[in-house]
Amino acid sequence: MEESNTLLSYYQTELTEAGCDEAGRGCLAGPVFAAAVIFPADYVNPILNDSKKLSLKKRESLRPIIEKEALAFAVSSVSAEVIDQINIHRASYLAMHQALDLLAIEASYIIVDGNKFIPYKEIPYTCIVKGDGKYLSIAAASILAKTYRDEYMDGIAKDFPNYGWTKNKGYPTVEHRNAILESGICSHHRKTFRITDPQLKLF
């Protein structure tokens with residue numbers, strides 16, 4: 001039998017497991033989005049992978065499949081204004097917590113992409129570096145967070161077409177930074193980011 005590239009279905013099987021990931025952490029504008037996904041323990045999908053490794057068309061085609069085949073899923077966001085108030089790291093975890101709050105089935109174990117997490121309630125969790133390329137539920141969460149965020153940025157781009165958000169989605173491209181130098185920032189920009197600094201460090 002030919003070996004597939006299918007990601008792992010679960011980290012552990014004793015508890016109901018939700019995978020979490022975020023999108024938009026490194027952007028200069030717009031909210032950070034996060035998603036939580038619970039799949040059946042034996043779930044298999046050979047196409048599902050880290051959203052960054054998939055084309056736009058593939059991500060968009062996978063979104064309804066994820067939403068149909070997941071036992072539960074949820075997507076949430078934290079605005080640029082709140083990001084400026086509490087910082088992007090805490091805002092990312094807040095978005096994940098909000099997504100977990102919205103799940104129709106309560107998770108009793110959480111796996112998170114990355115190496116840090118702020119505990120959610122008293123639920124056990126494991127941080128997995130590059131988890132969106134290892135576990136199906138985290139990959140699915142990355143796709144939902146990414147597609148919902150892209151959709152949001154396309155929407156607000158209609159009112160602010162000069163920033164090129166339909167292409168850059170708020171990320172720090174040369175085009176985006178040049179537009180900020182020409183037009184200044186708008187209400188959707190994260191004011192605590194060094195908007196025009198190529199290193200894009202936080203203040």
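Just so you know, residue 1 is the first one in the sequence shown, and it goes up from there.
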Beyond-backbone contact of [X] with [Y], side-chain heavy atoms, under 4.5 angstrom:
| X | Y | result |
| --- | --- | --- |
| Thr126 | Tyr109 | yes |
| Ile66 | Leu48 | yes |
| Asn45 | Ile47 | yes |
| Trp165 | Phe160 | yes |
| Pro124 | Leu15 | yes |

Between [X] and [Y], is there shared hydrophobic-cluster membership here, with clusters defined by ILVMFWY side-chain heavy atoms closer than 4.5 Å?
| X | Y | result |
| --- | --- | --- |
| Ile128 | Leu144 | no |
| Tyr171 | Leu28 | no |
| Tyr120 | Val82 | no |
| Tyr135 | Tyr125 | no |
| Leu54 | Val75 | yes |

Requested in this report: Kindly assign one of parallel, tilted or perpendicular to the pair Tyr163 and His176, based on the angle between their ring planes and the thresholds 30° and 60°.
Outcome: perpendicular
Requested in this report: Return the orientation label for the Tyr152 and Phe33 ring planes: parallel under 30°, perpendicular over 60°, tilted otherwise.
Outcome: tilted
Measure the [atom1]-[atom2] distance between [X] and [Y] for me, rounded to the nearest 0.5 Å.
| X | Y | atom1 | atom2 | value |
| --- | --- | --- | --- | --- |
| Glu151 | Ile156 | CD | CD1 | 12.5 Å |
| Phe193 | Asn87 | CZ | CG | 9.0 Å |
| Glu22 | Leu94 | CD | CG | 12.5 Å |
| Ile38 | Ile110 | CD1 | CD1 | 9.5 Å |

Whether the side chain of [X] engages the backbone of [Y] through a donor-acceptor N/O pair (distance < 3.5 Å, no angle test) should be reported.
| X | Y | value |
| --- | --- | --- |
| Thr6 | Val44 | no |
| Arg190 | Gly30 | yes |
| Lys116 | Cys127 | no |
| His97 | Ile118 | yes |
| Thr147 | Glu60 | no |
| Asp132 | Ile138 | no |
| Asp84 | Lys191 | yes |

[X] atom [atom1]: more than 12 heavy-atom contacts under 6.0 Å:
| X | atom1 | result |
| --- | --- | --- |
| Lys58 | NZ | no |
| Glu81 | CD | no |
| Glu67 | CD | yes |
| Tyr11 | OH | no |

**Report entry** Residues Asp154 and Lys169 bridged, charged N to O under 4.0 Å
**Finding:** yes
Query raised in the report: Does Lys130 pair with Asp50 as a salt bridge, N-O distance under 4.0 Å?
Result: no
Exercise: identify the closest heavy-atom pair between [X] and [Y]:
| X | Y | answer |
| --- | --- | --- |
| Ile86 | Arg90 | O-CD, 3.4 Å |
| Val112 | Met96 | CG1-SD, 3.7 Å |
| Ile123 | Ala107 | CD1-O, 3.2 Å |
| Leu103 | Ala18 | CD1-CB, 4.2 Å |
| Ala141 | Asp21 | CB-N, 3.6 Å |
| Ala99 | Ser76 | N-CB, 3.7 Å |

Report summary line: Only one of Thr173, Leu181, Val174 passes side chain to side chain contact (heavy atoms under 4.5 Å, CB included) with Arg177, and that residue is Val174
Query - For Asn49, the option from Leu7, Leu62, Ile143 that meets side chain to side chain contact (heavy atoms under 4.5 Å, CB included) - result: Leu7
Query raised in the report: What residues, two or more places apart in sequence or in another chain, satisfy side chain to side chain contact (heavy atoms under 4.5 Å, CB included) together with Ala23?
Result: Ala145, Lys146, Arg149
Report task. Determine, step by step, whether Glu69 and Tyr43 satisfy the side-chain hydrogen bond (donor to acceptor under 3.5 Å, both in side chains) criterion, reporting the C-alpha distance in whole Å, the side-chain angles of both residues, the deciding distance to 0.1 Å, and the verdict. Result -> CA-CA 9 Å; Glu69 297 181 352; Tyr43 184 70; 2.5 Å; yes
**Report entry** Pair Tyr10, Ser137: side-chain N/O donor-acceptor within cut-off below 3.5 Å
**Finding:** no
Report summary line: Taken in chain and number order and not counting sequence neighbours, the residues that satisfy side chain to side chain donor-acceptor pair (under 3.5 Å) with Ser79 are none
Query raised in the report: Does the ring of Tyr148 carry Arg59 above it, NZ/CZ under 6.0 angstrom from centre and within 45° of its axis?
Result: no
Query - Partner residues of Asp101 under the salt bridge (charged side-chain N to carboxylate O under 4.0 Å, His left out) criterion, sequence neighbours left out - result: none
